[in-house]
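Reading through the structure tokens given below for one structure.
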Amino acid sequence: MKNIFLVLKREYLVRVRKKSFIIMTFLTPILIAAFYGIIVWSAVGSFKNEHKTIQVIDQSGLFKDKFKNDKNTTFEFINQPISEAQKKLKGKEGNLLVFIPANIMEQPKGLQIYSEKNIGPMLQGRIEKIVQKELRNIKLSKAGITQEVIEEANQNVDAQTFNLDDEGKTRSSSTMAAYVAGYAAAFLLYIFILIYGAGVMQGVMEEKSNRIIEVIISSVKPFHLMMGKILGVAAVGLTQFLLWGVLTFGVTSATQTLFGFNRFTATEEVLNQQTAQADPELKKEIEKTQSNTLKTISDFSASAQSLPLIQIFVCFLFYFLGGYLLYSSLYAAIGASVENQQEAGQFTFPIMLPIIAAIFFAQLAINQPDGALAFWTSMIPFTSPVVMMARIPFGVPAWEIALSMVLLVLGFVGTTWLAARIYRVGILMYGKKVNYKELSKWIFYKG
């Protein structure tokens, strides 16, 4: 046990003291915040500065006052043949030509938009919405139905969900909160196992190729060396994730405080610049949508408190350690068996398949958390860490979690024994092509 701790300590300190670890740990949150800020700033800036002149040929005569100008868009109604207008449009990249045929009421798909290059979906949607709204109002008026009646008939239904405990008592729940929490936990486990498991393999391969392993193995048993390396990399990963979480929250909070920036304000500005100023009624719709969005986020924050957060956190730590230890032991065995990255490819692919399948099964389990597929994939050790974490926010019986944990421990013990048998032989094997038949011999090799 002492030797395992010494290897763990060495592995941890060597990795956290690297310049690449320090730079990326502190730089990643800043890059995320900068990337996010640049995207929003670019989006807002493009809508502010881009001005378009849209010429409209309205043969129906129904839309004279329906297209409203704003800071970014000017509508010009012209009365000339469509062919002539198309010729004048050439060489004017920012301009558009809208043609509304005389039979637009009978053929609503006859609306045509011309431009030198493809237009954005938001601007196209705006033009279509104006025409569609006016056609609807005309048809409703002919039928004797006013717009007010239609708006009153459109009632939003928002169901409240509750969970029942064993005593029959109810408590508020949220399907969306459970969905987000389950998918986020499953995806984090998937990423961590994939990245840091491969990191263990790479570290073993480097030590083997540099012949450093020959010196180390003279004083430490192969099993102790393998376990120390696996646990050391796990500690490095936990440290990095913890620092990323703290720094990302700090950088995001500081950015919003310093610049007075809020993503909802930016979104509102973009929408107002593009559409709301041109149509007062549409502005009301946008404000209503934004109000509903903010309410949804507020409700989500409140409903997230109804989730079993302590259970999710404890299970996350367990499945993180269990899943990582299971896969990293196999990665360590592969690293000890091969001498370069090309040889490792043929062995890593079969290991990656269950991990990739696990994230796919997790998505299915979120939609049907009590289904047979969700149950069995949350019991199989190779997929259970990811799939079970996707199910837990929806509520999983205690006996299922306990059984899954026991099977994961047994799976980890089994893969560790298997990996150790391969590791002890492969770590000192040089200059020999390894295949699956050879690996099977190493497993049962005595000595």
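- Summarising the geometry of Asp370 relative to Gly395, their closest heavy-atom pair is OD1-O, 4.4 Å, with the distance given to 0.1 Å.
- Residues Ile113 and Leu97 fail the side-chain proximity criterion, which asks for heavy atoms closer than 4.5 Å.
- Judged as a side-chain hydrogen bond (donor to acceptor under 3.5 Å, both in side chains), and not counting sequence neighbours, Gln311 has no contacts.
- Between Pro385 and Gly323, the shortest heavy-atom distance links the atoms CG-CA, 3.7 Å.
- Val98 is not listed as a side-chain neighbour of Gln112, based on a closest heavy-atom distance of 4.5 Å or more.
- Under the rule for a side-chain contact (heavy atoms from CB on, under 4.5 Å), the partners of Ile22 that lie at least two apart in sequence or sit in another chain are Phe26.
- The stretch residues 349-365 participates, sequence neighbours left out, in no side chain to side chain donor-acceptor pair (under 3.5 Å) pair at all.
- Qualifying side-chain contact (heavy atoms from CB on, under 4.5 Å) partners for Leu373, counting only residues two or more places apart in sequence or in other chains: Phe361, Leu364, Thr377.
- With Glu128 as the partner, the side-chain hydrogen bond (donor to acceptor under 3.5 Å, both in side chains) test is satisfied by one option alone out of Gln124, Arg126, Gln132: Gln124.
- In terms of heavy-atom proximity, Leu326 sits nearest to Pro381 at CD1-CB, 3.7 Å.
- You'll find the side chain of Tyr331 reaches within 4.5 Å of the side chain of Thr348, heavy atoms only.
- For Tyr324, the ring-ring contact (aromatic ring centres under 6.0 Å, His included) test picks out Phe192, with sequence neighbours left out.
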Would you be so kind as to tabulate the donor-acceptor pairs closer than 3.5 Å made by side chains of residues 193-201, with sequence neighbours excluded?
{"unit_1": "Tyr196", "atom_1": "OH", "unit_2": "Gln240", "atom_2": "OE1", "d": "2.5"}

Can you give each donor-acceptor pair under 3.5 Å made by side-chain atoms of residues 398-413, sequence neighbours left out, with the distance rounded to 0.1 Å?
{"unit_1": "Glu400", "atom_1": "OE1", "unit_2": "Arg391", "atom_2": "NH1", "d": "3.2"}
{"unit_1": "Glu400", "atom_1": "OE1", "unit_2": "Arg391", "atom_2": "NH2", "d": "2.8"}
{"unit_1": "Ser404", "atom_1": "OG", "unit_2": "Tyr319", "atom_2": "OH", "d": "2.9"}
{"unit_1": "Ser404", "atom_1": "OG", "unit_2": "Ser378", "atom_2": "O", "d": "2.7"}

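- The shortest distance between side-chain heavy atoms of Ile312 and Pro393 falls below 4.5 Å.
- Below 30°, between 30° and 60°, or above 60°: for Tyr190 and Phe187 the angle between ring planes is between 30° and 60°, a tilted geometry.
- Between Val387 and Ala362 the shortest heavy-atom distance is CG2-N, 4.1 Å.
- For the pair Phe21 and Arg15, the minimum side-chain heavy-atom distance is 4.5 Å or more.
- A search for side-chain contact (heavy atoms from CB on, under 4.5 Å) contacts involving Val14 returns Arg10, Lys18, not counting sequence neighbours.
- Using a 4.5 Å heavy-atom cutoff, the side chains of Cys315 and Met389 are in contact.
- Counting only heavy atoms from C-beta outward, the side chains of Leu231 and Leu325 approach each other to under 4.5 Å.
- Not a single side-chain hydrogen bond (donor to acceptor under 3.5 Å, both in side chains) links Gln368 to another residue, sequence neighbours left out.
- Between Leu111 and Ile104, the shortest heavy-atom contact is N-CD1, 4.0 Å.
- The ring-ring contact (aromatic ring centres under 6.0 Å, His included) test applied to Tyr327 returns Phe382, not counting sequence neighbours.
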